[in-house]
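The structure appears right after this line, and notes come after that.
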Amino acid sequence: MLHSHDHAAFADSLLLWFSQHQRPLPWRRDYTPYQVWISEIMLQQTQMERGVEYFLRWMDRLPDIAAVADADEETVLKLWEGLGYYSRVRNLHRAARIIVREHAGEFPGRLEHIRALPGIGDYTAAAIASIAFRQDVACVDANVERVLARVCDIDTPVKQKENMAFVRATAQALLPPGKAREFNQAMMELGALVCSKKARCEDCPVRRWCEAHHLGIVHERPVPAARKPVSHIDVATGVLVHQGRIFIQKRPDHGVWAGFWEFPGGCVEPGETPERTVEREFMEEMEFPVEHAGKITVIHHGYTTYRVTLHCFFLRLRSGTSPAPVLHAATDHRWVRFGELTDYTLPAGHRKLADMLATDLRLPALLDG
DNA sequence: CACACGTGGCG
DNA sequence: TCGCCAAGTGT
């Protein structure tokens, strides 16, 4: 059991472990508010390893807040392509402009000002305040929740309100004043490397204070929240080829994949074949009458709450059709050469499809024909 | 407060 | 193949 007189020893053990085992990461060098901010947003719901390459590319292209504020939306979206949860980058872009306008371009150091920026919630505000500005505020993410659910043997779903309040208070009580930067990162690093889903208790620097470890039920903590079942949908999309070019359109400014470019398509309705879906969607969305020119592939793609089977087809315009679309589901369109597809920001499933086109032997003939 | 929001890795 | 999930936020 973790008593208040153990708090200092707990923190000491944890901090010693962190000093020896922390991973060297690009945002752990200078701890500038800008770099801490970008890394925190990038790492939300994202694997550390994937975050590193995106972070380095971002810093290379946009080295400071002013550069972000000056960049256009296309640029920041392209830098985020493939990371997911794209509202993060839109909020980040807005926040950079707010910082320039309202904070003279300097990242704000007060917790309430940090928290007020778009895209920054309780966790990220505390993370930036502590890691960049060394304020004594504990941050609580899924790692901290998991660690403390085990240390304190919380036997109900940790996401419950009372549990969250308890976890937050415990994290704050454990935090040694003046060492918030190291302590908060140490708690998260412990959760990532040792107190992970499959716990490695033999390597844990704080197991002597861990209730679940004493009880031998670490694997039963934290108690997960109930989950909704994952649903499955079929989607069909078409690569429309005409006079050496491929048709793409730009999605609306709101909703999923806002501002992304895509091959048109839509959900396969009950009783409908994917072939028919594509014909219907191309007529509804662009008023294009199309004919099929071959099935390309089927792409399986998973999302948080549903799985998609994406049926992909080559299409041609019916002879005599004007290549000028009447857009009903998009804000813009392009007829692009194959090689230009890399310049546009596509959802991951469509990016996969675009990559497959590179090796499809039918495409050159269609482009010529 | 439940739900939407992306993606790729892993067992 | 498939469910779970990885440094959450906005509505």
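In what follows, chains carry the letters A, B, and so on, assigned in the order in which the sequence lines appear, proteins first and then strands, with residues in each chain numbered from 1.
- Rounded to an integer number of Å, the gap from A/H219 NE2 to C/dC5 P is 15 Å.
- Exactly one of A/F314, A/F288, A/W261 qualifies for a ring-ring contact (aromatic ring centres under 6.0 Å, His included) with A/F247. That residue is A/F288.
- Among the protein residues, A/T124 comes within range of the sugar-phosphate backbone only, with heavy atoms under 4.0 Å from sugar or phosphate atoms but none that close to a base.
- As judged by a 4.0 angstrom heavy-atom cut-off over every strand, A/R351 is placed among residues making no nucleic acid contact.
- Across all strands shown, A/P224 has no heavy atoms under 4.0 Å from either base or sugar-phosphate atoms.
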*Can you give one letter per nucleotide of nucleotides 5-11 of chain B, 5' to 3': B if a protein heavy atom sits under 4.0 Å from the base, S if only from the sugar-phosphate, - if neither?*
BBBBS--

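- No engagement by A/M42 is indicated, since no non-hydrogen atom pair under 4.0 Å with the nucleic acid exists.
- Closest approach to the A/K197 side chain among C/dC4, B/dC1, C/dA7 is made by C/dC4 (side chain taken as heavy atoms from C-beta onward).
- Map A/G119 and A/W27 each onto its nearest nucleotide of DNA chain C; the residue landing nearer the 5' end is A/W27.
- At distances below 3.5 Å, not a single donor-acceptor pair connects side-chain atoms of A/R88 with backbone N or O atoms of A/W80.
- One P atom belongs to B/dC3, the other to C/dC4, and the distance between them is 16 Å to the nearest Å.
- A/R28 comes within 4.0 angstrom of a base, heavy atoms only.
- Atoms CG (A/L92) and P (C/dG8) sit 15 Å apart, rounded to a whole Å.
- Ring geometry for A/F107 versus A/W37: interplanar angle of 30 to 60°, hence tilted.
- Residues A/T331 and A/D253 have side chains that never bring a donor and an acceptor to within less than 3.5 angstrom of each other.
- Checking A/Y123 against A/Q44 by side-chain atom types alone, no donor-acceptor pair falls below 3.5 Å.
- A donor-acceptor pair under 3.5 Å is absent between the side-chain atoms of A/D368 and the main chain of A/A365, judged by distance alone.
- For the C1' atoms, the distance linking C/dG8 with B/dC1 amounts to 15 Å, nearest Å.
- With both ends at atom P, the span from C/dA7 to B/dG11 equals 15 Å, rounded to whole Å.
- In this structure, A/M48 atom CE and C/dC5 atom C1' are separated by 15 Å, rounded to whole Å.
- For C/dT1, the OP1/OP2 oxygens have no side-chain nitrogen or oxygen of A/R307 closer than 4.0 Å.
- For A/I120 and C/dG10, the CD1 to P distance is 8 Å, given to the nearest whole Å.
- Looking only at side-chain heavy atoms (C-beta outward), A/W27 and A/V36 stay at 4.5 Å or farther from each other.
- Nearest-nucleotide positions on DNA chain C place A/V230 closer to the 5' end than the other of A/D141 and A/V230.
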